[in-house]
Amino acid sequence: MTARWPRGVRPLLGAFAVLAVVHLGALLGGFTAVAQLTKPALMPVLAGYVLARGGPRLLAGALLFGCGGDTFLQIGGDTVFLVGMGSFAAGHVCYLLLFARHGAPYGRGRTAGAGAAYAVVLAATVALLWPDLPADLRIPVAGYSLLLTAMAFGALRAGPWAAAGGLLFLLSDTLIASGIAHWPQLPAPQFWIMLTYAGAQFALAGGVRRAAATTAPRSAPSPAPALPEAGVP
């Protein structure tokens with residue numbers, strides 16, 4: 001017998017799926033107004049779904065910081081871009097705290113290998129992007145990339161769903177950075193950025209919620225009633 005979901009959960013999950021499809025379709029179809037309206041709505045709905053499933057409030061906070069980043073990055077301009085990047089960075093800090101609270105301990109052998117792989121990816125990406133980035137964005141992008149890579153690496157502690165989400169987030173933000181550096185882009189670049197981003201946040205939310213559910217403290221069992229002692233009524 002399957003457990004029943006709390007009231008309101010399925011509509012929220014359905015709303016997130018519909019919003020994501022509409023947003024991605026608007027990007028492909030060139031409906032800019034629809035894309036701009038639906039983008040900031042994605043993460044609040046996903047945060048509502050997380051809370052309805054009993055997920056950590058900090059996880060909802062990470063998603064809402066993503067909403068802030070989504071909103072600011074739509075406005076344009078270097079200063080606003082930095083504000084949006086800062087909002088995403090705050091979300092990554094929330095994720096790192098969640099992984100520390102609810103993630104499993106690292107295994108020594110696998111940790112060393114995975115850490116080396118993520119470090120190589122980070123160093124190669126920053127080195128390749130650096131010459132083509134605007135001068136005033138080089139240091140902020142490099143610092144953000146370090147935090148993003150740390151988040152993706154930390155996601156390994158929260159299971160395969162979260163690990164996949166971390167990798168998708170890396171891919172999505174690398175696509176953004178390649179556009180800032182004026183590298184050749186895929187057709188409909190915003191579609192691929194948002195596809196990987198929405199998938200990343202959904203996978204991270206699911207992975208962290210599952211990890212939190214397994215580490216939640218169980219309520220102590222009620223003490224057994226005391227047996228009457230001999231000779232005591």
Side-chain angles (χ1 to χ4, degrees), residues 15-16 19-20 22-24 26-27 32-51 55-99 122 125-126 129 133-134 136-155 162 164-181 185 189-208:
F16 174 75
L19 276 171
V22 170
H23 178 71
L24 294 171
L27 290 174
T32 304
V34 176
Q36 290 180 340
L37 286 172
T38 51
K39 184 178 181 181
L42 286 166
M43 293 306 112
V45 173
L46 185 57
Y49 165 73
V50 163
L51 293 176
R57 292 183 180 181
L58 188 59
L59 175 55
L63 296 170
L64 293 177
F65 277 122
C67 172
D70 293 337
T71 303
F72 284 113
L73 261 60
Q74 287 194 138
I75 298 174
D78 286 355
T79 301
V80 177
F81 174 82
L82 289 173
V83 174
M85 190 165 62
S87 188
F88 280 123
H92 296 325
V93 171
C94 291
Y95 278 126
L96 286 169
L97 292 173
L98 287 162
F99 301 149
L122 170 65
T125 302
V126 172
L129 287 169
L133 290 172
D136 58 337
L137 291 181
R138 288 173 179 168
I139 298 298
V141 168
Y144 174 81
S145 298
L146 176 61
L147 179 60
L148 171 63
T149 306
M151 185 280 293
F153 176 65
L167 287 172
L168 284 172
F169 221 132
L170 271 176
L171 176 57
S172 179
D173 281 4
T174 301
L175 291 173
I176 294 175
S178 70
I180 297 171
Q185 298 291 292
Q190 287 299 317
F191 170 83
W192 298 109
I193 289 170
M194 287 305 298
L195 178 65
T196 51
Y197 167 72
Q201 293 280 40
F202 182 76
L204 281 165
V208 171

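Heavy atoms only: backbone and side chains are in, while hydrogens, waters and symmetry mates are out. The structure presented is a predicted model; accordingly, all values stated were derived computationally and were not measured.
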Go through the structure and list residues passing ring-ring contact (aromatic ring centres under 6.0 Å, His included) with Tyr144, not counting sequence neighbours.
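So Tyr144 forms a ring-ring contact (aromatic ring centres under 6.0 Å, His included) with His92.
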
Under the ring-ring contact (aromatic ring centres under 6.0 Å, His included) test, residues paired with Phe88 that sit two or more places apart
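By the ring-ring contact (aromatic ring centres under 6.0 Å, His included) rule, Phe88 matches Tyr197.
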
Nearest non-hydrogen partners of [X] and [Y], listed with the distance:
X	Y	answer
Tyr95	Met151	CB-CG, 3.7 Å
Ala205	Val50	CB-CG2, 3.9 Å
Phe169	Ala200	N-CB, 3.4 Å
Pro44	Pro40	CD-O, 3.1 Å
Gly84	Leu73	CA-CD1, 3.6 Å
Pro56	Leu98	CB-CD2, 3.9 Å

Could you work out, with side-chain contact (heavy atoms from CB on, under 4.5 Å) as the rule, every residue matching [X], not counting sequence neighbours?
X	value
Ala26	Phe31, Val34, Ala35
Leu146	Leu122
Ile193	Ser172, Leu175, Ile176, Gln190
Ala60	Ala47, Leu51

Rounded to the nearest 0.5 Å, what separates atom [atom1] in [X] from atom [atom2] in [Y]?
X	Y	atom1	atom2	answer
Thr174	Leu129	OG1	CG	7.5 Å
Asp70	Leu64	CG	CG	11.0 Å
Asp136	Leu82	CG	CG	7.0 Å
Leu195	Leu171	CG	CG	9.5 Å
Leu148	Asp173	CG	CG	5.0 Å
Leu42	Leu24	CG	CG	8.0 Å

Inter- and intrachain pairs under side-chain hydrogen bond (donor to acceptor under 3.5 Å, both in side chains), touching residues 32-48, at least two apart
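As it turns out, the side-chain hydrogen bond (donor to acceptor under 3.5 Å, both in side chains) pairs with a partner in residues 32-48, which skip direct neighbours, are His23-Thr38.
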
Output, in order, the C-alpha distance, side-chain angles, deciding distance and verdict of side chain to side chain contact (heavy atoms under 4.5 Å, CB included) for Leu96 and Leu147.
CA-CA 9 Å; Leu96 286 169; Leu147 179 60; 3.7 Å; yes

Results of side chain to side chain donor-acceptor pair (under 3.5 Å) for [X] - residues two or more places apart only:
X	result
Ser87	none
Ser145	none
Gln185	Ser178

Please assess Phe81 against Ile75 for the test side chain to side chain contact (heavy atoms under 4.5 Å, CB included), listing each intermediate value before the final yes or no.
CA-CA 8 Å; Phe81 174 82; Ile75 298 174; over 6 Å; no

Compare all side-chain heavy atoms of Val93 with those of Phe65 and state whether any distance is below 4.5 angstrom.
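They are not in contact (no side-chain heavy atoms under 4.5 Å apart), so the answer is no.
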
